[in-house]
S.K.: 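Here it is: the structure, laid out below.
Sequential numbering from 1 along the given sequence is applied to the chain's residues. The structure presented is a predicted model; accordingly, all values stated were derived computationally and were not measured.
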Amino acid sequence: MEILKKTIVLTVVTSIAAMFLAVTYSNTKPRIDAYMKNEMARLRQSVLPGSAGFEEIKISGEYCYIGSDAENMKCGLVIPVSVKGYGGDIRMLLGVDLKGRIAGLHVIDQKETPGLGNRI
C-alpha cells in the first residue's frame, strides 16, 4: 500500500512539472523564434559585409541567401554549411562575394570538446 501511495504522489508531482514545462515552452517559443530570426539576419549581414538586404532562394534543398547592396545590385551569396566534427555536426554560415572569394564565416553551432576541439 505504501508503494502505491508513493507512486501516486510521484505521478502527480511529475505531471504538474510537465504541465508547467509545456506552458513555459508554449509561451516562450514565439519569442525564441523571433530572436533566432533576428540573429540569423544579423549573422548573414556579418558574413557578407556591404549587403543591405537578402533574398531567400532554395538550392539543392537548402535555403541560401542572395545579398544585395544599397543600390539593389547583387553582392554575394550566404550559404549554410555543415561538416562532420568529432563531437557532431559543425554548422556554419559562409559568405561568398561575386568573385568567389570568402567574405566571411561564422560558426552557428558546434559540440566539440571544450578547450580543445571548440577552438576551431
S.K.: Identify, with sequence neighbours excluded, every residue that meets side-chain hydrogen bond (donor to acceptor under 3.5 Å, both in side chains) alongside K58.
M.R.: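 By the side-chain hydrogen bond (donor to acceptor under 3.5 Å, both in side chains) rule, K58 matches no residue at all.
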S.K.: Could you report the tightest heavy-atom contact between I66 and K74, atom names first, then the distance?
M.R.: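 The pair with the smallest heavy-atom distance is CG2-CD, 3.3 Å.
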S.K.: Is Y65 linked to M92 within one hydrophobic cluster, defined over Ile, Leu, Val, Met, Phe, Trp and Tyr using a side-chain heavy-atom separation of less than 4.5 Å?
M.R.: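 The answer is no; the residues belong to distinct hydrophobic clusters.
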S.K.: Between K29 and D33, is the closest basic N to carboxylate O distance under 4.0 Å?
M.R.: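 Salt bridge between D33 and K29, a charged N being under 4.0 Å from a carboxylate O: yes.
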S.K.: Enter the distance from L48:CG to I79:CD1 here, rounded to the nearest 0.5 Å.
M.R.: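 Answer rounded to 0.5 Å: 10.0 Å.
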S.K.: To the nearest 0.5 Å, tell me how far E39 CD sits from I108 CD1.
M.R.: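 Going from the CD atom of E39 to the CD1 atom of I108 covers 9.5 Å.
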S.K.: When hydrophobic residues are tied together by side-chain contacts of less than 4.5 Å, even through go-betweens, does L43 share a cluster with I102?
M.R.: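 The answer is no; the residues belong to distinct hydrophobic clusters.
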S.K.: Within the 3.5 Å criterion, strictly below it, is a donor on Y63 or E56 matched to an acceptor on the partner's side chain?
M.R.: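 Not at all, the side chains of Y63 and E56 share no donor-acceptor pair under 3.5 Å.
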S.K.: Compare every heavy atom of L93 with every heavy atom of V47, then report the nearest pair and how far apart it is.
M.R.: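 Distance-wise, the nearest heavy atoms are CG1-O, 3.8 Å.
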S.K.: Rounded to the nearest 0.5 Å, how far apart are OH of Y25 and CD1 of I32?
M.R.: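 Here the interatomic distance stands at 8.0 Å.
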S.K.: What closest approach, in Å, do S51 and G67 show between heavy atoms, and which atom pair accounts for it?
M.R.: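 Smallest interatomic distance, heavy atoms only, reads CB-CA, 4.4 Å.
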S.K.: A side-chain contact here means heavy atoms from C-beta on lying under 4.5 Å apart; do V9 and K6 qualify?
M.R.: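 Answer no - side chains too far apart.
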S.K.: Taking atom OG of S82 and atom CD of E62, what is their separation to the nearest 0.5 Å?
M.R.: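 Rounded to the nearest 0.5 Å, the OG-CD separation comes out at 8.5 Å.
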S.K.: Nearest 0.5 Å please: distance from the CD atom of E2 over to the OG1 atom of T7.
M.R.: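 If I round to the nearest 0.5 Å, the distance is 10.0 Å.
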S.K.: Give the cluster check for L105 versus V78: same hydrophobic cluster or not, with ILVMFWY residues linked at side-chain heavy-atom distances below 4.5 Å.
M.R.: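 Hydrophobic grouping puts L105 apart from V78.
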S.K.: Ignoring hydrogens, what is the shortest heavy-atom contact between G50 and Q45? Give both atom names and the distance.
M.R.: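 Nearest heavy atoms, G50 then Q45: N-NE2, 4.2 Å.
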S.K.: Judged by atom type as modelled, is there a donor-acceptor pair below 3.5 Å linking the side chain of E112 to the main-chain atoms of Y86?
M.R.: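 Such a contact is found between E112 side chain and Y86 backbone.
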S.K.: Membership question, hydrophobic clusters at under 4.5 Å side-chain separation (ILVMFWY): are M19 and V13 in the same one?
M.R.: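 Not linked; separate clusters.
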S.K.: Donor-acceptor pair, D97 side chain versus K99 backbone, under 3.5 Å?
M.R.: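 Looks like yes, one N/O pair under 3.5 Å.
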S.K.: Quick check: closest heavy atoms across I57 and I59, and the distance to 0.1 Å?
M.R.: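 Closest approach of I57 to I59: CD1-CD1, 3.6 Å.
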S.K.: Roughly how far, to the nearest 0.5 Å, is SG of C75 from CG of L98?
M.R.: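 That separation rounds to 6.5 Å.
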S.K.: Do you reckon Y35 sits in the same ILVMFWY cluster as M40, going by side-chain contacts under 4.5 Å, direct or chained?
M.R.: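 Y35 does not cluster with M40.
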